[in-house]
Amino acid sequence: MSRSAHPAGPRHADVLPEGHYAAPAEDLNALDPKVWAHTVGRDADGVVTVGGITVTQLAEEYGTPAYILDEADFRDRARAWRTAFGTDADVFYAGKAFLSRAVVRWLDEEGLNLDVCSGGELATALSAGMPAERIAFHGNNKSPEEIERAVRAGVGRIVLDSFQEIVRVAHIAQSLGKRQRVQIRITVGVEAHTHEFIATAHEDQKFGIPLAGGQAAEAVRRALQLDGLEVIGIHSHIGSQIFDMSGFEVAAHRVVGLLKDIRDEHGVELPEIDLGGGLGIAYTSDDDPREPHEIAKALTEIVTRECEAARLATPRISVEPGRAIVGPTAFTLYEVGTVKPLDGLRTYVSVDGGMSDNIRTALYDAEYSVALASRTSDAEPMLVRVVGKHCESGDIVVKDAFLPGDLAPGDLIAVPATGAYCRSMASNYNHVLRPPVVSVRDGAARVIVRRETEEDLLRLDVG
Ligand code: LLP
């Protein structure tokens, strides 16, 4: 099939859906604690502060755009997950959401484990001193070199994703004289209630081995026979930005069913199950995420109940939250460059970043909120679309929002809940330089990932 037309951008020229953002928030200066990091507020002059520092100071010192990360909030959330699951379960932070060496150290100090899914993430984790036995290695196509590095380093588990990988990891481990602890990732046929592109446990997709047709059972059968592997459990990840626990319920039911079949066939009770990540956060005031202790209670109850019914000892549970830990802890600080009212439509507010620092709006139709950060304003609300500086009309950061009508070039605006999958999915499109990540805590700020420079770009371009 050929295509003769190409839309200018996925979100080009569409209009507000009826009833959507029908009215602005009562007070545009208010900062809803649901979407902002814990220490965010406004000072006496109305300037947004985080960790005791104003955004104007941060912009002056570090420039814009910049991701501003609240370290105390990150630690709070990491600890809340750790505490909620207790010592009988493991929390693996999903590094793909955002990883840096500072983050690895915080996780280590707060007693969390780490899920990595590439050689680069593994290198970051190891270089920051995360003990290898607390690292899980994921991926649907790990290279032999990556596998060898992980096995040599002594990672606590490799999550096997295909029949070929079962043999590959077993062979590499055996040739190194090791027995590698592994989990087998299965797809349980659950499609999480979220955007199609990021739902991962239905069967028509690249991850895992389907439970259907006895394939997962066959994978376990083969893995149990290989000397290079110690099969410690089953892994299931059902999707992303999930609010509804019913998907986990079905997944746990099916995973436990497989554990029971394995016990009946092989006389082996696998000691662990991992239910993945995917728990949702609030991007706008309309979202109502659950607290870690509620999630821990729900998941533990589901697994315990299913195991009792199957007469199995309850396995050790692990989870892999990424977004739910780091997502709400950061906001992106931009400077407004132009304000362009389009009569009868909306006002386009162009900022100094865009789809290169936040691809999620263009890619997933994600919703974000935005606030005027360098001052407050009593001006009438205006309907805006916050767009970037890229040569593409789909370059949208916040699709529909309200900002004060006196917004002007030079104002700083902040987009909350950009801690997850923004810096980690950032690109150099149009040779725009990737922003720094600045962490703040107790009145002090420091760069944990520096801003890219033109020299960085030119260094890769060898002429
Ligand atoms: N565990 C596994 C095996 C995963 O594949 C993922 C995410 C997670 C844990 C962490 O999920 P979280 O708790 O962060 O939702 N780029 C997309 C999300 C892709 C998620 C991929 N896997 C986004 O920006 O929404």
Side-chain angles (χ1 to χ4, degrees), residues 74 77-78 81 85 90-99 103 107 112-118 121 135-142 157-162 165 182-188 190 192-202 205-209 233-245 247-248 251 255 273-283 287 289-290 292 295-296 299 317-330 332 355 357-368 397 415 417-427:
F74 184 99
R77 290 177 202 267
W81 277 85
F85 278 87
D90 297 302
V91 180
F92 286 76
Y93 169 79
K96 67 205 80 181
F98 172 63
L99 197 64
V103 161
L107 293 166
L112 274 74
N113 298 348
L114 179 61
D115 142 13
V116 300
C117 67
S118 69
E121 288 186 358
I135 298 176
F137 190 28
H138 269 279
N140 67 302
N141 188 17
K142 309 167 192 78
R157 65 172 72 154
I158 295 182
V159 183
L160 302 175
D161 199 89
S162 64
E165 201 171 75
V182 297
Q183 290 190 336
I184 297 178
R185 179 166 174 178
I186 68 166
T187 47
V188 294
V190 172
H193 296 161
T194 184
H195 196 290
E196 186 188 6
F197 295 161
I198 50 178
T200 55
H202 55 113
Q205 51 125 338
K206 69 172 183 169
F207 293 109
I209 299 175
I234 301 295
H235 185 286
S236 154
H237 172 78
I238 58 170
S240 283
Q241 186 58 4
I242 304 167
F243 293 106
D244 180 356
M245 298 304 284
F248 289 100
V255 170
I273 74 173
D274 190 312
L275 293 171
L279 284 314
I281 62 163
Y283 285 101
D287 296 325
R290 291 182 179 224
I295 295 162
L299 292 182
I317 300 173
S318 50
V319 286
E320 298 170 337
R323 183 191 328 258
I325 292 177
V326 71
T329 68
T332 314
M355 66 195 299
D357 60 70
N358 186 351
I359 190 66
R360 297 193 69 261
T361 309
L363 196 55
Y364 311 123
D365 221 356
E367 287 187 3
Y368 283 92
V397 180
V415 174
T418 57
Y421 303 108
C422 287
R423 180 58 179 81
S424 67
M425 294 175 79
S427 75

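Whatever order the structure lists them in is the order used to number ligands and atoms, beginning at 1. Note: hydrogens, waters and symmetry copies are ignored here, and every other heavy atom, side chains too, is used.
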Engineer: Quick check: does any side chain N or O of Gln241 sit under 3.5 Å from a backbone N or O of Ile281, one acting as donor and the other as acceptor?
Structural biologist: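 Yes; judged by distance alone, with no hydrogens or angles, the pair exists.
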Engineer: Looking at Leu279, Ile295, Val319, which hits side chain to side chain contact (heavy atoms under 4.5 Å, CB included) with Phe248?
Structural biologist: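 Passing option: Leu279.
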Engineer: Nearest non-hydrogen contact with atom 18 (C) of ligand 1 belongs to which option: Arg323, Gln241, Lys96, His235?
Structural biologist: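 Nearest option to atom 18 (C) of ligand 1, by heavy atoms: Arg323.
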Engineer: Could you list which atoms of ligand 1 come closer than 4.0 Å to a heavy atom of Ala94?
Structural biologist: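 This gives 8 (C), 9 (C), 10 (C) as the contact atoms.
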Engineer: Any nitrogen or oxygen of Gly278 lying under 3.5 Å from a nitrogen or oxygen in ligand 1? Just yes or no.
Structural biologist: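 N/O-N/O distance under 3.5 Å: yes.
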Engineer: Report the part of Glu320 in contact with ligand 1, treating N, CA, C, O as backbone and CB onward as side chain, heavy atoms under 4.0 Å; options are side chain, backbone, both, neither.
Structural biologist: both
Engineer: Hey, mind stepping through Val255 and Val188 against side chain to side chain contact (heavy atoms under 4.5 Å, CB included) and telling me if it holds?
Structural biologist: CA-CA 7 Å; Val255 170; Val188 294; 4.0 Å; yes
Engineer: Identify whether NZ of Lys or CZ of Arg in Arg360 sits under 6.0 Å from the centre of the six-membered ring of Tyr421 and within 45° of that ring's axis.
Structural biologist: no
Engineer: Salt bridge check: are Lys142 and Asp161 linked by an N-O gap of less than 4.0 Å?
Structural biologist: no
Engineer: Tell me whether Met425 has any N or O atom under 3.5 angstrom from an N or O of ligand 1.
Structural biologist: no
Engineer: Is it true that Lys96 and Glu121 make a salt bridge, defined as a side-chain N closer than 4.0 Å to a carboxylate O?
Structural biologist: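 No, Lys96 and Glu121 are not salt-bridged.
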Engineer: Using heavy atoms and a threshold below 4.0 Å, how should the contact between Asp115 and ligand 1 be classified: side chain, backbone, both, or neither?
Structural biologist: side chain
Engineer: Which atoms of ligand 1 sit under 4.0 Å from any heavy atom of Gly322?
Structural biologist: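 Counting from 1, the qualifying ligand atoms are 12 (P), 13 (O), 14 (O).
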Engineer: Looking at Ile184, is its backbone amide N or carbonyl O close enough to the side chain of His235 to form a donor-acceptor pair, meaning the two atoms are under 3.5 Å apart?
Structural biologist: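 No, the answer is negative, given that no donor and acceptor are paired below the 3.5 Å cut-off.
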Engineer: Indicate, as side chain, backbone, both or neither, the part of His237 found under 4.0 angstrom from ligand 1 when only non-hydrogen atoms are considered.
Structural biologist: side chain
Engineer: Check contact between Ala324 and ligand 1, using heavy atoms of the residue and a distance below 4.0 angstrom.
Structural biologist: no
Engineer: Show the atoms of ligand 1 that are less than 4.0 angstrom away from any heavy atom in Gly277.
Structural biologist: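 Every atom of ligand 1 under 4.0 Å from some heavy atom of Gly277: 1 (N), 9 (C), 13 (O).
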Engineer: Give the atom numbers and elements of ligand 1 that come within less than 4.0 Å of a heavy atom of His138.
Structural biologist: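 Listed by number with element, the hits are 3 (C).
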Engineer: Would you mind telling me if ligand 1 is within reach of the side chain of Pro321, the backbone, both or neither, using heavy atoms under 4.0 Å?
Structural biologist: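 Within the 4.0 Å criterion, Pro321 contacts ligand 1 through backbone atoms alone.
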Engineer: What do you reckon, are the aromatic ring centroids of Phe74 and Tyr93 less than 6.0 Å apart?
Structural biologist: yes
Engineer: With a heavy-atom distance limit of 4.0 Å, tell me whether Phe207 approaches ligand 1 through its side chain, its backbone, both, or neither.
Structural biologist: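 For Phe207, no heavy atom sits under 4.0 Å from ligand 1.
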Engineer: As an exercise, state the distance from CZ of Phe243 to CZ of Arg290, rounded to the nearest 0.5 Å.
Structural biologist: 11.0 Å
